[in-house]
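Remember, it's 1-based here, ligands and their atoms both numbered in the order they're listed. Predicted, not measured: the structure shown is a model, and the values here were computed from it.
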Amino acid sequence: MANRGRILAATFLSCAILPLLASAFHPGQHIPHIPGLLFPGHEGGHLAHPIFSKPEGESDYDNHPTEQDQPAPVDGSGNGAQQPEPTQGGALRVGFYAQSCPQAEKIVNEVIHKNFRKDPTLAPAIVRLFFHDCFVTGCDASILLDATPTGEDVEKKAPHNGIFVRGYEAIDQIKAQLEAECPGVVSCADVLAFANRDSLVYTGVPTYDVAAGRRDGLASLAKNVEGNIPLPDDTAEEMIQLFQRKGMSLEELVVLIGAHSIGTAHCTIVAGRFHDPQKAKLIDRGYLIKMQGLTICQNNTQELPFDPYSQHKMDSHIYTDLLKNKALIESDQNLASEPHANGIMKKLVSDQKGWLAKFVTAINKLGEVEVLTGNQGEIRKQCRAVN
Ligand code: HEM
Ligand SMILES: *[C@@H]1O[C@H](CO)[C@@H](O)[C@H](O)[C@H]1NC(C)=O
């Protein structure tokens, strides 16, 4: 009876709220975070997730000075050779807190592991949080801000971040410990970089050094997210261009996309493609049939693992699936179908060690995208607010 009541309530909520959602979810507009809010069940037609549908007349809102007027050509070689270096990575260094807060990396590691014991799915969540921070105005912890001085919507409220990017509470806990140990010293941006490393190591990446010295940004704007975060229906060319704008090559993109070896995607985000006859044609037959069954989405929280066989382990096996048209998200399949990317994947697939070595180099490069250093920005006292 109780269950039945919940289903009825859910159906009612969907019907009542859906039209509202549809009209409210315009690109670039504020999306209220309503805990427990239900998305459509799979009511007949296929699902197009309102949050991830591409905006019409897509525009690039990014007004970061180092990126202005960059046409971002795709030369196919993937070096981004003509791109000016958008990072100031030279200023970062390993052991940055050796004198000022020698316990910093240890504290991050301890607190994050406490969190993993309660919730191992936090590891992929933190990796994604780091990526989404770095691609929007650089690795400056801008994604962590709850408010910005101008009062405009912040990055975490943007459609592409809002509901599914998580891990903020674990970062708060780490920062609180650090402030108790060495107040005002360790930036939230570095906390994210260290926590990202620990998350990757937790999922099987050999440990590695993380250069530090990042400073925290003073602003966070939802409108900066659009155009800087890739979408699950992006074409290979769109992803390659986006990465080139950030100074990252085609090969680095292919290597990093292997992070989809861990974690999950939400049913409502991936379902549409498996029920769209045109798109279904491109998907491996057996996989398609299996996924059609699994993507009758029950609610907005239902998740599906990218790699059902080793969801918690970084494993180059993910490329096997991508090369066989068994991708959970369309963008991954699009990348696997691009000839250069396809060639790179074929090399990585049987080279777990080589892939992880390249992954470490690429993720460290990602961690240096457009960082603030020296006396730029500030060291926040709390990661959710500017000082
Ligand atoms: C380049 C194009 C990319 C696209 C289009 C893309 C898209 C997505 C989407 C749609 C999800 C599922 C979100 C959800 O439903 O909750 C996801 C999850 C994830 N992505 Fe990506 N992604 C890309 C690149 C990357 C990169 C470069 C990294 C890291 C280096 C990454 C790491 C992750 C991780 C770890 C998850 C799982 C999150 C979790 O389980 O909480 N992705 N991605
Ligand atoms: C959503 O659906 C999934 C799959 O049926 C189920 O496991 C989960 O408990 C549901 N969550 C909620 C909040 O109802």
Side-chain angles (χ1 to χ4, degrees), residues 3 6-7 9-10 13-14 35-39 41-42 47 49 51-52 54 119-135 139 159-167 170 196-197 199-200 202-203 205 228-246 248 250 252-273 293-307 311-314 318 322 327-336 338 341 358-360 362-367 369:
N3 247 342
R6 271 174 59 197
I7 291 163
L13 265 175
S14 304
L37 179 64
L38 285 159
F39 279 109
H42 186 71
L47 287 162
H49 200 288
I51 296 187
F52 283 92
K54 205 157 284 183
D119 178 10
T121 72
L122 196 62
I126 296 278
V127 173
R128 188 156 190 252
L129 182 62
F130 180 63
F131 169 49
H132 281 216
D133 182 44
C134 290
F135 260 36
C139 311
H160 311 317
N161 280 329
I163 292 173
F164 297 134
V165 176
R166 61 198 177 90
N196 174 64
R197 184 257 320 271
S199 301
L200 287 165
Y202 183 73
T203 59
V205 176
N228 285 307
I229 290 299
L231 301 178
D233 64 348
D234 270 2
T235 63
E237 187 170 317
E238 284 170 324
M239 289 184 277
I240 293 165
Q241 286 191 3
L242 173 59
F243 272 65
Q244 281 200 348
R245 270 203 290 130
K246 305 295 175 184
M248 310 280 299
L250 167 67
E252 286 160 341
L253 164 62
V254 174
V255 164
L256 287 174
I257 210 76
H260 288 166
S261 169
I262 52 171
T264 58
H266 284 75
C267 187
T268 47
I269 286 183
V270 302
R273 168 169 162 262
L294 288 173
T295 53
I296 317 280
C297 304
Q298 306 294 315
N299 53 50
N300 71 318
T301 59
Q302 189 183 345
E303 291 167 62
L304 294 159
F306 281 98
D307 179 354
Q311 181 188 342
H312 302 292
K313 188 168 180 293
M314 284 283 279
I318 188 71
L322 301 188
L328 183 62
I329 59 175
E330 188 180 356
S331 52
D332 285 358
Q333 165 145 5
N334 291 341
L335 194 59
E338 199 281 332
K358 285 184 170 159
F359 191 93
V360 164
I363 198 81
N364 268 335
K365 189 165 167 192
L366 177 72
V369 169

Can you measure from [atom1] ([X]) to [atom2] ([Y]) and round to the nearest 0.5 angstrom?
X      : Y      : atom1 : atom2 : result
Ile229 : His160 : CD1   : NE2   : 8.5 Å
Glu330 : Ile269 : CD    : CD1   : 13.0 Å
Cys134 : Lys365 : SG    : NZ    : 13.5 Å
Asn161 : Leu129 : CG    : CG    : 8.5 Å
Gln302 : Ile296 : CD    : CD1   : 9.5 Å
Ile257 : Ile329 : CD1   : CD1   : 6.5 Å

Can you check whether [X] reaches [Y] side chain to side chain, under 4.5 Å on heavy atoms?
X      : Y      : value
Val360 : Val205 : yes
Phe306 : Thr264 : no
Ile262 : Asp307 : no

Contact between ligand 1 and [X] is defined here as a heavy atom of the residue under 4.0 Å from a ligand atom; is it met?
X      : result
Thr121 : no
Asp234 : no
Glu303 : no
Phe243 : yes

task: Ignoring angles and geometry beyond distance, decide whether Ser331 reaches within less than 3.5 Å of ligand 1 through its nitrogen or oxygen atoms.
output: no
What part of [X], side chain, backbone, both or neither, has a heavy atom within less than 4.0 angstrom of ligand 1?
X      : answer
Ile257 : side chain
Thr264 : both
Leu253 : side chain
His266 : both

Ranking Cys267, Ala259, Gly167, Pro124 by closest non-hydrogen atom to atom 32 (C) of ligand 1, top hit is Ala259
Among Leu256, Leu122, Leu231, Val165, closest by heavy atom to atom 5 (C) of ligand 1 is Leu231
In ligand 2, the atoms that come under 4.0 Å of a heavy atom of Thr301 are 1 (C), 11 (N), 12 (C), 13 (C)
Below 4.0 angstrom from a heavy atom of [X], which ligand 1 atoms are there? Numbered from 1 as shown, please.
X      : answer
Ala265 : 12 (C), 14 (C), 15 (O)
Arg166 : 41 (O)
Ile329 : 7 (C), 8 (C)
Met239 : 1 (C), 2 (C)
Phe164 : 16 (O)

Side chains of Thr121 and Arg166, donor plus acceptor under 3.5 Å: yes
* To do: Please confirm whether Asn299 comes within less than 3.5 Å of ligand 2 when only nitrogen or oxygen atoms on both sides are compared.
  => yes
Fill in: Check: Thr295 side chain, Cys267 main-chain N or O, donor-acceptor pair, under 3.5 Å
no
